[in-house]
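Notes for the one structure printed next.
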Protein chains: 2
Amino acid sequence: MKEGPDIVRIAALIGDPARANMLLALMGGTALTATELAHEAGITKQTASAHLGKLESGGLLRQRKQGRHRYFALADDDVAAVLEALLGFAATQGQLRTRPGPRDAAMRKARVCYHHLAGEMGIRLYTSLVSSGYLALTADGIEPTEEGRRFLVAFGVDMAELGRKKAPLCRECLDWSERRSHLGGSVGRALLQRFQDLGWARQVAQSRAVLFSPSGEAAFRKTFPVD
Amino acid sequence: MKEGPDIVRIAALIGDPARANMLLALMGGTALTATELAHEAGITKQTASAHLGKLESGGLLRQRKQGRHRYFALADDDVAAVLEALLGFAATQGQLRTRPGPRDAAMRKARVCYHHLAGEMGIRLYTSLVSSGYLALTADGIEPTEEGRRFLVAFGVDMAELGRKKAPLCRECLDWSERRSHLGGSVGRALLQRFQDLGWARQVAQSRAVLFSPSGEAAFRKTFPVD
DNA sequence: AACATGGTTCGATCCTGATCGAACCATAAG
DNA sequence: CTTATGGTTCGATCAGGATCGAACCATGTT
C-alpha cells in the first residue's frame, strides 16, 4: 500500500511457528534435509514441503539437491542477521518460550550464529580484538587494522583468500543473549573454523551450542585477553 | 517448541499488512492517533483498535492518551531497528511494493529513520564523521572520540545532557536504500534535531522524507566533507 | 443540554492458510 | 526387479484471525 520494500512478506514467513523453528534450526549453519526440518518443527513431511517451498520462493532459504536428499540452508548471511535482530528484540521482551535450562546456559556461553561465534565467548572475542586495536571503524564499516591483519595471519587465518571474496570481512551482529555486538563476516567465520580445527571447540550435534574443551578455553582466554 | 526467545510472536505481529503499514507510518517518529493510523492502513477504526491493542501488548507500541485522543508511537529504538533490518533484507530481494517514484527518490536522498537521519545524506554524515576521526570503535561499541566530542559540542549538541541518559550515544543502523550503516543513537537523534533547528532541513508532512533547503544542503556538505 | 468526534466492545461473517491422509514420483540399496 | 526411503502433489478439513456493522462509552465543542 505504502512506499518501501515489502516487509510484510518476510515477516509473515517468519511469523509461523513451524517455519520459525525450521529457520532457527538452520541458524546452526549446517544444512538439513527436508525430513530433518519436518521433525525439528514437529510437523509431517507434506506440510514441511509446503513451508520449505514458500521459504525458498521468499528468498529466505537456499536449496541444494544431493542424491535423493534435499539440503536446505539459510539463503544468506542477511537472513541470519534478520533472525538475530528479531531474537534480540524478543529477548528484551523477556518472552522466553521455555525456562532457561542447562542447555540454555551452554547456549549463552557459546553458540554458533550461522557460521560465527556468539554468546559470552563471542563477545569476549570481539571486545578483545577491539581493545587490542585489531579492529577499527572505517568509512566502509568495521575492518581489521594492519596489526589486526598480521595477528589474524599469524593465528592461521588465510586473509588473502578472504580478501578475494566479495563478502564483507567483518560484520557486527547483535547478540541476543548479551545485548552486545559480536563479530560476524568472513573473518568471524574463519575464526570459528580455526577454533574447531585447533581442537579448541566443537559444535554440539543438533544444537547451536558450541562446547569448548578445558584446554581449548584456556588457550582461547590467553589468546584473546580482556583487561 | 524449541529454545530461545519468542520470535514468532513478533514476526507474526509485523507480518500483517495493516499492522505493518501502521508501524512503517510510525517510523517517521511523530506519534499518530488511532484514526490516523487506521486511515494510513486503509482499514476501519474498529479493526485498527484491535490491531493497536495487539501491537501494544506485544511490546511494539507505546501509547499515550491525551484528551480524547490516543497517540501511538514505536515502543523503543529497538523496534525501529528490527523494522529497518527487515526493510534492509526485503530491499535486497528487490520486492518493492510500488515503482520507485519521485517521492521515493526524495526518501532515498534523505529520510528520517525513527529520529535520526537516513538515506544518502545519512550515509554521508556517518562516513564523514568516521573519516574525520570523530567516531571510533570501542569495547562498548561505537563512541565519539575526544575530538568528536569537541566537534559535536561546537556544533551545538549538548553532550553533557546526552551523557546523563542511559541510551547509547551512537548506534549503527543499517540503511535499506544504501546498504550501509548510518548513525543512530542519541547523537544521531540530536544531530537531526540540530539540522532542523538551524533551518537546514525540515521533515515533509505525512512522510519520512526529509527536505534540505539549498543553503542548508550546502552548509551540510561543508560541515561534513567526504574526501 | 445537545451534538460531534475519537475509540472501544461485541457479534457475525468470511477467507486465508496450516495441517494431514493418501497417493504418487525419484533415487538409492538389496 | 523389488523394496525402502526421501520428497512432492492433490484434495479435504479445519481453525484462527482479519474485517466490518452496529451499538456504546468518553471527551471535548457549541
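In the text below, chain A, chain B and the rest are named by the order of the sequence lines, each starting its count at 1.
- Nucleotide D:dA18 holds its P atom 10 Å from the CG atom of B:L55, rounded to whole Å.
- Taking atom NE2 of residue B:H39 and atom P of nucleotide C:dT5, one finds them 16 Å apart after rounding to whole Å.
- Side-chain atoms of A:T33 lie closest to D:dG7 of the nucleotides C:dG7, D:dA4, D:dG7.
- Put simply, B:H51 has a side-chain N or O that comes within less than 4.0 Å of OP1 or OP2 on D:dT19.
- Here the C1' atom of nucleotide D:dG17 and the CD1 atom of B:I14 are 18 Å apart, to the nearest Å.
- If you measure from atom NE2 of B:H69 to atom P of C:dG7, you get 6 Å, rounded to the nearest angstrom.
- Regarding contacts with the backbone of D:dC20, a side-chain N or O of B:T47 is found under 4.0 angstrom from either OP1 or OP2.
- DNA chain C is contacted by both A:D16 and A:K45; A:D16 maps to the nucleotide lying nearer its 5′ end (nearest heavy atom per residue).
- A 4.5 Å side-chain heavy-atom check between A:V157 and A:V187 finds every atom pair outside the cut-off.
- Remark: the A:S186 side chain and the A:R171 side chain contain no N/O donor-acceptor pair separated by less than 3.5 Å.
- For the pair A:T44 and C:dC20, the criterion of a side-chain N or O lying under 4.0 Å from OP1 or OP2 is met.
- Between B:A91 and B:W176, the shortest heavy-atom contact is CB-O, 3.7 Å.
- Dashed line: the shortest gap from a side-chain N or O of A:R70 to OP1 or OP2 of C:dT27 is not under 4.0 Å.
- Taking the six-membered ring where the residue is Trp, the centroids of A:F224 and A:Y126 are separated by 6.0 Å or more.
- Going from atom NZ of B:K65 over to atom P of C:dG6 covers 16 Å, rounded to whole Å.
- A:T35 comes within 4.0 angstrom of sugar-phosphate atoms only, judged by non-hydrogen atoms across all strands, and of no base.
- Comparing C:dC20, C:dA18, D:dA18 by their nearest atom to the side chain of A:R19 picks out C:dA18.
- Nucleic acid contact for A:K54: sugar-phosphate only, since backbone atoms but no base atoms lie under 4.0 Å from a heavy atom of the residue.
- B:N21 places its CG atom 14 Å from the C1' atom of D:dA18, with the value rounded to the nearest Å.
- A:F72 places its CZ atom 11 Å from the C1' atom of D:dG6, with the value rounded to the nearest Å.
- Residue A:A18 has its side chain nearest to C:dT19 when only C:dT19, D:dC20, C:dA18 are considered.
- Taking the six-membered ring where tryptophan is involved, the planes of A:F195 and A:F155 are perpendicular, since the angle between them exceeds 60° and thus also 30°.
- Taking atom CD on A:Q63 and atom P on D:dG6, their separation rounds to 16 Å, with Å as the unit.
- Of the candidate nucleotides C:dT19, C:dT5, D:dT19, C:dT5 has the atom lying nearest to any side-chain atom of B:R68.
- For C:dG7, its base never sits under 3.5 Å from the side chain of B:Q46 at any donor and acceptor pair.
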